[in-house]
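Report on the structure given below.
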Amino acid sequence: MQVSVIAVGKVKDRYINEGIAEYEKRLRPYADLNIVEVREERIPNRASPAEEAQVVEREGERICTVVPDNAVLVALDLRGEAWSSEDLASRLRSWEIEGAHEIAFVIGGPLGLSPAVLDRARVTLSLSRMTFLHTMVRLILLEQIYRGFRIMRGEPYHK
Ligand SMILES: C[S@@+](CC[C@H](N)C(=O)[O-])C[C@H]1O[C@@H](n2cnc3c(N)ncnc32)[C@H](O)[C@@H]1O
């Protein structure tokens, strides 16, 4: 299965990049993983609500240009559905059964995802009610996708 993680901005912290690299490696037997970064828009100092909305909209336009037409799009958003890891495993299984060619998870920038991206998503997923650093979300999400595949295949993993 092709799994894409579309994310706004680059990960600069070494400790996060090392974790991401570890989970990219662990996921290799389960999925063809593709991480796509789109440019993070500069937020002006003391940005007005209109300027912030423009930042989010521009990043959203960049995201929309890289989302393949036939992908199942999962938007990571604080206000999304709360799933257990078993829920994610069963969604992965049902997308596989439906013959979905690609699952694309999308992570917003510091100001979140645009309405256009949220509208395009098949499902909006929350990892917690707490707000995480967007670069940290990339690592947490990869661990959950890995955990989901392990559960789906009935393979042991940490409880
Ligand atoms: C710093 S957060 C954006 C916060 C922004 N104020 C909002 O309300 O969307 C950056 C991105 O990380 C992801 N994110 C952060 N915490 C999350 C959570 N608990 N669940 C799902 N996604 C999260 C989302 O994709 C979000 O767009």
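Only heavy atoms go into these numbers, but all of them, side chains included; no hydrogens, no water, no symmetry mates. Order of listing sets the numbers, starting from 1, for every ligand and every atom in it. This is a predicted model, so every value here is computed, not measured.
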Quiz item: For atom 10 (C) of ligand 1, what's the nearest protein heavy atom and its distance?
Solution: G109 O, 2.9 Å
Exercise. Pull out every atom of ligand 1 sitting under 4.0 Å from any heavy atom of I107, numbered as shown with elements.
Key: 12 (O), 25 (O)
Quiz prompt | Heteroatom distance test (L76, ligand 1): nitrogen or oxygen, under 3.5 angstrom | solution = yes
Quiz item: So do the side chains of L33 and I145 get within less than 4.5 Å of each other, counting heavy atoms only?
Solution: no
Quiz item: Starting from atom 27 (O) of ligand 1, which protein heavy atom do you reach first, and at what distance in Å?
Solution: G112 CA, 3.2 Å
Quiz item: Are any side-chain N or O atoms of R62 and backbone N or O atoms of R39, one a donor and one an acceptor, separated by less than 3.5 Å?
Solution: yes
Self-check item: Residue and atom name of the nearest protein heavy atom (relative to atom 6 (N) of ligand 1), distance in Å to one decimal
Solution: P110 O, 4.3 Å
Quiz item: For R150, which of E143, E155, E86 qualifies under salt bridge (charged side-chain N to carboxylate O under 4.0 Å, His left out)?
Solution: E155
Quiz item: How close does the nearest protein non-hydrogen atom get to atom 15 (C) of ligand 1, and which residue and atom is it?
Solution: F132 O, 3.2 Å
Quiz item: Closest approach of M130 and L78, non-hydrogen atoms and distance?
Solution: O-CD2, 3.3 Å
Quiz item: Are any non-hydrogen side-chain atoms of I107 and L141 less than 4.5 angstrom apart?
Solution: yes
Quiz prompt | Salt-bridge contact E24-R28 (side-chain N to carboxylate O under 4.0 Å) | solution = no
Quiz item: How does A75 reach ligand 1, by side chain, by backbone, by both or by neither, if only non-hydrogen atoms under 4.0 Å count?
Solution: neither
Quiz item: Is the shortest heavy-atom distance from the side chain of R153 to the side chain of Y30 under 4.5 Å?
Solution: yes
Quiz item: Of the choices R138, M136, R79, which has the non-hydrogen atom that lies closest to atom 9 (O) of ligand 1?
Solution: R79
Quiz item: If we only count N/O pairs under 3.5 Å, is T131 in contact with ligand 1?
Solution: no
Quiz item: How close do A75 and L113 get, heavy atom to heavy atom, and via which atoms?
Solution: CB-CD1, 3.9 Å
Practice problem: Please work out whether any backbone atom (N, CA, C, O) or any side-chain heavy atom from C-beta onward of R129 is under 4.0 Å from ligand 1, and answer side chain, backbone, both or neither. | Solution: neither
Exercise. Please could you name the atoms of ligand 1 that H134 approaches to less than 4.0 Å, counting only its heavy atoms?
Key: 10 (C), 11 (C), 12 (O)
Quiz prompt | Heavy-atom nearest neighbour in the protein, as seen from atom 11 (C) of ligand 1, with distance rounded to 0.1 Å | solution = G108 O, 3.5 Å
Self-check item: Heteroatom proximity flag, V106 to ligand 1, N/O under 3.5 Å
Solution: no
Quiz prompt | S126 neighbourhood, listing ligand 1 atoms whose heavy-atom distance to it stays under 4.0 Å | solution = 20 (N), 21 (C)
Exercise. Output the list of atoms in ligand 1 that are nearer than 4.0 Å to some heavy atom of M130, sorted by atom number.
Key: 16 (N), 18 (C), 19 (N)
Quiz item: Can any side-chain N or O of E59 pair as donor or acceptor with the backbone N or O of E41 at less than 3.5 Å?
Solution: yes
Self-check item: Exam field: side chain D77 to backbone R79, donor-acceptor pair closer than 3.5 Å
Solution: yes
Quiz item: Looking only at heavy atoms, is any part of V137 under 4.0 Å from ligand 1, and if so is it the side chain, the backbone, or both, or is it neither?
Solution: side chain
Quiz item: Is E40 salt-bridged to K12, going by a charged N under 4.0 Å from an acidic O?
Solution: no
Exercise. Could you check atom 20 (N) of ligand 1 against the protein and tell me its nearest heavy-atom contact, residue, atom and distance included?
Key: L127 N, 2.9 Å
Quiz item: Heavy-atom contact under 4.0 Å between L125 and ligand 1?
Solution: yes
